[in-house]
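Below is one structure; the comments refer to it alone.
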Amino acid sequence: MSALDAAWAALAAHAAHAKKWSLRALFAEDPERFARCSLVFEDLVFDFSKQLVRTETLELLCALARAADLESWRARMFAGAHINSTEDRAALHVALRHRGPEPILCDGRDVMPEVRAELAKMRAFAEAVRSGAVRGARGHSFSDVVNIGIGGSDLGPQMVCRALAHLAPPDLRVHFVSNVDGAHLSPLLARLDPARTLFIVASKTFTTQETMQNAASARAWLTAALGEEAIAQHFVAVSTNAQAVRSFGIPPERSFGFWDWVGGRFSLWSAIGLPIALLLGFARFEELLEGAHSMDRHFATAPLARNLPVVHALLAVWNRDLLGFSTRAVLPYDQRLERLPAFLQQLEMESNGKRVRRDGQPVGRPTCPIVWGEVGTNGQHAFFQLLHQGTEIVPCEFIACVNPDHHLPGHHEKLLANLLAQTQALAFGRTEAEAREALAKAGVRGERLELLARHRTFPGNRPSSTILLDRLTPRALGRLIALFEHSVFVQGVLWEINSFDQWGVELGKELAARLLPALEGGREPQELDPSTRGLLRHIIERRAGIAAQR
Ligand code: F6P
């Protein structure tokens, strides 16, 4: 048996006991449990004492990490090795936020001079737009920036812009258009003034269908109002494909680059973060990078058992593989983090939603859970019923700031009281005896008391973690995102998968390309299955019918 198989086997034996543990008992037997099961990094607190773990669990999980060679994979990532093996590339997003003078090598070359040059170009452009030195074709300063991109070219910058909007100036708005559904772009264009609108076409490949369609429509809208010559002043591009950007008509000075060693979902630290720099100013974008860099240093150097991304990942694997929980809820108790669940869905599920190992063999155990979530307290009035009393156990991750950035009295205390209460209710529940006692006190008697007591019992023992930040600053957010990024990588190492490719998105793209000509009035593809053929013909016939009526 390999060391890795032995580590999994030891954990499986341990988990057989863990399935009988109760969080009530774990807390009762260890008054120091909070101190023992929480980690602090700068002002970030990660409390995992309400997870179904003991000290021995963490020791066994750390042994698993060692058996999976985590420390050497981590070193290889920082050293620019081609750990993205199926695409034969490095995964070097840490270089994008590296702040020190040291070189970072990739394929024998120091990438830092290029990284710094691109950051300097972003800074110059962002400052010029914000000051009004760069203007549109009619001489107006820009009031609206529209980022056209999808997936990693949308979710990261969008999440950050929303999270830190309290730091944005009142006279600049940033919009994000991703969906190929014209219902996304069309109503936005209807509200905008072309003379004051700047478009960012953000696409690593500059071939993504949705982005290219939206960019073409935006371009047609702009040129209809301001003429072809306006393109160069109203469009910028962020891409690794300089050739395609040029063909679109965007000049090199308005084109921002990045590198194939930056995965889309890890790219918000590159020029893909241009909307962030435009909205918040470059100094704040740099604070975001600094926050991520400080987490990178911690991840690279802290011992496994005190290492936040490592412990975060070990708990995720414990819940998924050993306790058998198939989903994970991300619950930010902060309205500004409303796009965090969507961002994490791509980060985690596109990275680790895989069934074969790096060597092509089946993983043989469950990999990435389904990640979902919603901001609190909204979720409490929607799906928390299931979290507390449903038949599915969902490990939850609560995230909140100790201090708000608004001045409305009375809100933040209620928000935090709710967060704490939910973690308590999930962990400790309410026994049937306790429910019966509460009902009796309220004057309920007899059969009705017996019936209601069953409905009002909370099983508890439902694991959760809580992350607290002092305040939602760019630095704190950068640190938080980097924590999740590294956790995703660590989980991938434990499952022996490559977290940096995404072949699972390809088949759908190919099939859509085969079907598109038929929807555009051309021939139906041959050898179509009866269901798809039936649906396709229905759409074509109904659309023809509607067209005939017009
Ligand atoms: O389809 C998935 C994907 O390739 C993501 O990985 C990526 O973030 C997104 O599409 C957008 O790709 P691009 O930046 O090349 O337009």
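Sequential numbering from 1 along the given sequence is applied to the chain's residues. Ligands are counted one by one from 1 in listed order, and the atoms in each one are counted from 1 as well.
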Where is the nearest protein heavy atom to atom 15 (O) of ligand 1: which residue, which atom, and how far?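 Closest protein heavy atom to atom 15 (O) of ligand 1: T205 OG1, 2.6 Å.
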Considering heavy atoms of the protein only, find what lies nearest to atom 8 (O) of ligand 1 and give residue, atom and distance to 0.1 Å.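 Result for atom 8 (O) of ligand 1: G152 N, 2.7 Å.
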Options R265, K509, E350, ranked by nearest heavy atom to atom 4 (O) of ligand 1, top entry: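 Going through R265, K509, E350 one by one, K509 has the nearest heavy atom to atom 4 (O) of ligand 1.
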Minimum distance, heavy atoms only, to atom 9 (C) of ligand 1: which one of I150, D501, T207, V238 is it?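 Nearest option to atom 9 (C) of ligand 1, by heavy atoms: I150.
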Under a 3.5 Å cutoff, is there a donor and acceptor pairing between the side chains of H298 and E42?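 Checked: H298/E42 side chains show no N/O donor-acceptor pair below 3.5 Å.
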Taking atom types as modelled, find out whether W259 and E118 have a side-chain donor-acceptor pair closer than 3.5 angstrom.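 No donor-acceptor contact under 3.5 Å links the two side chains.
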If only atom types and distance count, is the side chain of S294 paired as donor or acceptor with the main-chain N or O of G291 below 3.5 Å?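 Yes; at least one donor-acceptor contact below 3.5 Å.
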Just by distance, do the side chain of N147 and the backbone of G273 share a donor-acceptor pair under 3.5 Å?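 Such a contact is absent between N147 side chain and G273 backbone.
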Provide the number and element of each atom of ligand 1 under 4.0 Å from a heavy atom of [X].
X    : result
S203 : 13 (P), 14 (O), 15 (O), 16 (O)
Q502 : 6 (O)
G151 : 8 (O)
V505 : 1 (O), 2 (C)
T208 : 12 (O), 13 (P), 15 (O), 16 (O)

Just to be sure I read this right, does ligand 1 sit under 4.0 Å from the backbone of K204, its side chain, both, or neither, counting only heavy atoms?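 Both the backbone and the side chain of K204 come within reach of ligand 1.
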Sequence neighbours excluded, which residues qualify as salt bridge (charged side-chain N to carboxylate O under 4.0 Å, His left out) partners of R514?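 Scan of R514 (salt bridge (charged side-chain N to carboxylate O under 4.0 Å, His left out), adjacent residues dropped) gives none.
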Got a sec, which residues hit salt bridge (charged side-chain N to carboxylate O under 4.0 Å, His left out) with R320, two or more places apart in sequence or on another chain?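 Expected list: none.
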Heavy-atom contact check, 4.0 Å cutoff: does E210 meet ligand 1?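 No heavy atom of E210 comes that close to ligand 1.
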Out of curiosity, is E506 lining ligand 1, as in a heavy atom under 4.0 Å away?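 Heavy atoms of E506 never come under 4.0 Å of ligand 1.
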Answer yes or no: is there an ion pair linking D405 with R471, defined by an N-O contact shorter than 4.0 Å?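 Salt bridge between D405 and R471, a charged N being under 4.0 Å from a carboxylate O: yes.
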Search all heavy atoms of L92 against all heavy atoms of M77 and return the closest pair with its distance.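 Taking every non-hydrogen atom into account, CD1-O, 3.3 Å.
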N or O pair under 3.5 Å between T211 and ligand 1: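 Between T211 and ligand 1 (N or O atoms, distance only) the closest approach is not under 3.5 Å.
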Is it possible for you to check whether R89 lies under 6.0 Å from the centre of the six-membered ring of F500, through NZ or CZ, and within 45° of that ring's axis?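 Here R89 fails the 6.0 Å and 45° test against F500.
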